[in-house]
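Numbering of ligands and ligand atoms starts at 1, following listing order.
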Amino acid sequence: MKALIIGGGGFVGRYLAEHLLQDCGWETIVTKLPKETVEVEGCEAYNLDILDKDAVEALLVRHKPDAILHLAAQSSVAYSWKNPQLTADINIHGCLNVLDAVRDIPDYSPKILLIGSGEEYGILPANTSLVSETTPVHPANPYAITKMAQNLFGALYAKAYEMHVMMVRAFNHVGPRQLPQFVVSDFCKQVAEIMAGKREPVMRVGNLTAARDFTDVRDVVRAYSLLIEHGKSGEVYNVGSGRAIVIQEILDRIIAHSGKEITVEVDPAKLRPVEVPVIRADISKLQADTGWQPEIPLEQTIAETLEYWKQH
Ligand code: A2R
Ligand code: GDD
């Protein structure tokens, strides 16, 4: 198996490259942006902007990977409110560049995995929080709309052109090295700075009432390789833990690790114009088709993420 990770310089991409090479034994190449470095032993990295369709096609013609795992994205919900156009360009047009390049290359039919989001489900009817792949989507932010569009194109291309495209709806993934624009990393970084005396014992937070479904990034990348092996073309798969945890509880757990008295202040700049209250994944389809199980408890992920920030 020769795999290509597009967006290999991002948070998930590096874990995925390590997993495919070391655990799966697949030949693995990645694309990254010029500003990024990917230091994974045995992994060739190529610069690629997915908005450059010719470059996307040239790379695919040159390497003809058996599997394409498309991770490149503007991945921040918060930033998508500030720059919806850029988010749409990267997440929709960028993905179309990949799909069209594959469609246009003669006698080439790789397996393609598109990474959408649990945010696609959006605001649910009252008394609903557990979402399966058949639950209607009501995306409630620009990022979620772009991921819904990306996955609709994936399903369309699978049907129209008999391409082997699979779509993921990934719920929140966390772990060491995640950028501090995401909540667990953000809180761990602030607590690590307080513990090191680099910051007053005051944390600045956003909305603590929402509940999200968190999975360790190392479990997430195992789901992706299993989907490449066993997933069905044209299908959508939730990738999450099946449990929702309120952000306040995440905060309390992270603060508890510090052993310090810490004051919490809401930063209005961290609040979003619309917030999805609860998102929790029904993962039975993924489990039935691949046998996947999440293995790393959230407590361990939090401890390791905090440790990462204590050292950086
Ligand atoms: O936004 P940056 O500068 O951090 O770079 C991101 C990169 N990227 C691009 N790559 C190629 N061409 C572009 N025009 C382009 N624009 C952005 O894709 C970053 O290195 C990578 C995405 O990785 P992260 O932002 O770290 O996301 P993460 O958490 O690894 O999520 C992977 C996938 C994404 O599709 C998310 O939307 C989904 O899972 O949740
Ligand atoms: N970032 C951040 N910072 N979020 C906060 C904070 C804070 O200080 N305080 C509360 N939150 C809340 C957000 O309002 C949201 O309800 C929740 O914490 C998670 O926010 P993020 O970690 O920024 O992630 P996200 O849920 O918006 O998006 C992530 O998960 C999606 C899948 O559900 C990203 O990884 C997306 O790429 C991914 O698709």
Q: With a 4.0 Å heavy-atom cut-off (strictly under), which part of K35 contacts ligand 1: side chain, backbone, both or neither?
A: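 Within the 4.0 Å criterion, K35 contacts ligand 1 through side-chain atoms alone.
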Q: How close does the nearest protein non-hydrogen atom get to atom 31 (C) of ligand 2, and which residue and atom is it?
A: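 Checking every protein heavy atom, the shortest distance to atom 31 (C) of ligand 2 gives S117 OG, 3.7 Å.
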Q: Go through the structure and list residues passing side-chain hydrogen bond (donor to acceptor under 3.5 Å, both in side chains) with W309, not counting sequence neighbours.
A: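 Once residues adjacent in sequence are excluded, the partners of W309 under the side-chain hydrogen bond (donor to acceptor under 3.5 Å, both in side chains) criterion are S185.
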Q: Suppose we measure from atom 30 (O) of ligand 1 to each protein heavy atom; which comes out shortest, and what is that distance?
A: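 Heavy-atom neighbour on the protein nearest atom 30 (O) of ligand 1: V12 N, 2.8 Å.
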Q: Please classify the A210 to ligand 2 contact at 4.0 Å (heavy-atom distances, strictly less than): side chain, backbone, both or neither.
A: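 Only the side chain of A210 comes within reach of ligand 2.
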Q: Tell me whether the guanidinium CZ or amine NZ of R253 lies under 6.0 angstrom from the six-membered ring centre of F187 and within 45° of its axis.
A: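 Cation-pi check for R253 and F187: fails.
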Q: Looking at F182, I want to see if its CZ is surrounded by more than 12 non-hydrogen atoms of other residues, nucleotides or ligands under 6.0 Å.
A: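 Yes, CZ of F182 has more than 12 neighbouring heavy atoms, counting only those of other groups under 6.0 Å.
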Q: Under 4.0 Å, heavy atoms only, figure out whether ligand 1 is touched by the backbone of K32, its side chain, both or neither.
A: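 K32 to ligand 1: no contact under 4.0 Å from either part.
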Q: What pairs with E27 under side-chain contact (heavy atoms from CB on, under 4.5 Å), at least two apart in sequence or on another chain?
A: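 For E27 the side-chain contact (heavy atoms from CB on, under 4.5 Å) partners, ignoring immediate neighbours, are K2.
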Q: Identify the protein heavy atom lying closest to atom 32 (C) of ligand 2, giving its residue, its atom name and the separation to 0.1 Å.
A: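 Looking at atom 32 (C) of ligand 2, the protein heavy atom closest to it is A170 O, 3.2 Å.
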Q: Please state which protein non-hydrogen atom is closest to atom 10 (C) of ligand 2 and give its distance, to 0.1 Å?
A: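 The closest heavy atom on the protein side is N207 O, 3.1 Å.
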Q: Can you tell me which residue and heavy atom of the protein come closest to atom 38 (C) of ligand 2, and the distance to 0.1 Å?
A: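 I find the closest protein heavy atom is Y143 OH, 3.6 Å.
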Q: One residue to check: N172. Relative to ligand 2, which of side chain, backbone, both or neither has a non-hydrogen atom less than 4.0 Å away?
A: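 Looking at N172 and ligand 2, atoms from backbone and side chain both fall under 4.0 Å.
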Q: For this output row, return yes or no: ring centroids of H63 and Y46 closer than 6.0 angstrom.
A: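 That pair passes the under 6.0 Å test.
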Q: Tell me, which protein residue and heavy-atom name are nearest atom 7 (C) of ligand 1, and how many Å apart are they?
A: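 I find the closest protein heavy atom is A73 O, 3.9 Å.
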Q: If we only count N/O pairs under 3.5 Å, is I50 in contact with ligand 1?
A: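 Such a contact does occur with ligand 1.
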Q: Who's the nearest protein heavy-atom neighbour of atom 37 (O) of ligand 1, and how far?
A: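 I find the closest protein heavy atom is Y143 OH, 2.7 Å.
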Q: Looking at E44, I'd like to know if its CD atom is crowded, meaning that more than 12 non-hydrogen atoms belonging to other residues, nucleotides or ligands lie closer than 6.0 Å.
A: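 Not buried by this count: 12 neighbours or fewer within 6.0 Å.
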Q: Would R272 count as a polar contact of ligand 2, with the cut-off being nitrogen or oxygen pairs under 3.5 Å?
A: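 Right, the criterion is met.
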Q: Tell me whether V183 has any N or O atom under 3.5 angstrom from an N or O of ligand 2.
A: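 Yes: some nitrogen or oxygen of V183 is under 3.5 Å from one in ligand 2.
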Q: Quick one: does H173's side chain have a donor or acceptor within less than 3.5 Å of a partner on F171's backbone?
A: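 Yes: the side chain of H173 pairs with the backbone of F171.
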Q: Does D186 reach ligand 2 with a nitrogen or oxygen that is under 3.5 Å from one of the ligand's nitrogen or oxygen atoms?
A: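 N/O-N/O distance under 3.5 Å: yes.
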Q: In the protein, which heavy atom is nearest to atom 19 (C) of ligand 1, and how far is it?
A: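 For this ligand atom, the closest protein heavy atom is E36 OE2, 3.7 Å.
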Q: If I apply the N/O under 3.5 Å rule, does L51 come out as touching ligand 1?
A: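 By distance alone, the answer is no.
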Q: Provide, to 0.1 Å, the distance between atom 40 (O) of ligand 1 and the closest protein heavy atom, together with that atom's residue and name.
A: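 Here the nearest protein heavy atom works out to H173 CE1, 3.3 Å.
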Q: Does CD in E261 sit with more than 12 non-hydrogen atoms of other residues, nucleotides or ligands closer than 6.0 Å?
A: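 For E261, atom CD is not crowded (no more than 12 foreign heavy atoms under 6.0 Å).
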Q: Between ligand 1 and Q178, is the shortest N or O to N or O distance under 3.5 Å?
A: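 There is no such contact.
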Q: For ligand 2, is any non-hydrogen atom under 4.0 Å from A73's backbone (N, CA, C, O), its side chain (CB onward), both, or neither?
A: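 Near ligand 2, A73 shows nothing, with every heavy atom at 4.0 Å or more.
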Q: Answer side chain, backbone, both or neither: which part of F182 comes under 4.0 Å from ligand 2, heavy atoms only.
A: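 Both backbone and side chain.
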Q: Indicate yes or no: does an N/O atom of H70 lie under 3.5 Å from an N/O atom of ligand 1?
A: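 No, H70 has no N/O under 3.5 Å of an N/O on ligand 1.
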Q: Evaluate whether atom CD of E39 has more than 12 neighbouring non-hydrogen atoms of other residues, nucleotides or ligands under 6.0 angstrom away.
A: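 12 or below, so no.
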Q: What protein heavy atom sits nearest atom 25 (O) of ligand 1, and how far away is it?
A: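 Nearest neighbour among protein heavy atoms for atom 25 (O) of ligand 1, to 0.1 Å: S75 OG, 2.7 Å.
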Q: Quickly, which of V56, L48, V38 forms a side chain to side chain contact (heavy atoms under 4.5 Å, CB included) with T31? Name it, please.
A: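 Only one of V56, L48, V38 forms a side chain to side chain contact (heavy atoms under 4.5 Å, CB included) with T31, namely L48.
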Q: Checking the N or O distance criterion of under 3.5 Å, is ligand 2 in contact with F187?
A: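 No, F187 has no N/O under 3.5 Å of an N/O on ligand 2.
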Q: Should the heavy atoms of other residues, nucleotides or ligands under 6.0 Å from NZ of K159 be counted, would the total exceed 12?
A: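 12 or below, so no.
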Q: May I ask you to identify the nearest protein heavy atom to atom 23 (O) of ligand 1, giving residue, atom name and distance to one decimal place in Å?
A: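 Residue, atom and distance for the closest contact: G10 CA, 3.4 Å.
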Q: When you measure from atom 5 (O) of ligand 1 to every protein heavy atom, which one gives the shortest distance, and what is it?
A: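 For atom 5 (O) of ligand 1, the nearest protein heavy atom is L33 CD1, 3.3 Å.
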Q: How far is atom 37 (O) of ligand 2 from the closest protein heavy atom, and which atom is that?
A: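 Of every protein heavy atom, S75 O, 2.7 Å lies nearest to atom 37 (O) of ligand 2.
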Q: With heavy atoms under 4.0 Å as the rule, classify the contact between Q181 and ligand 2 as side chain, backbone, both or neither.
A: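 Answer for Q181: backbone.
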Q: What do we get for I90 next to ligand 1 when only non-hydrogen atoms under 4.0 Å count, side chain, backbone, both or neither?
A: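 Within the 4.0 Å criterion, I90 contacts ligand 1 through side-chain atoms alone.
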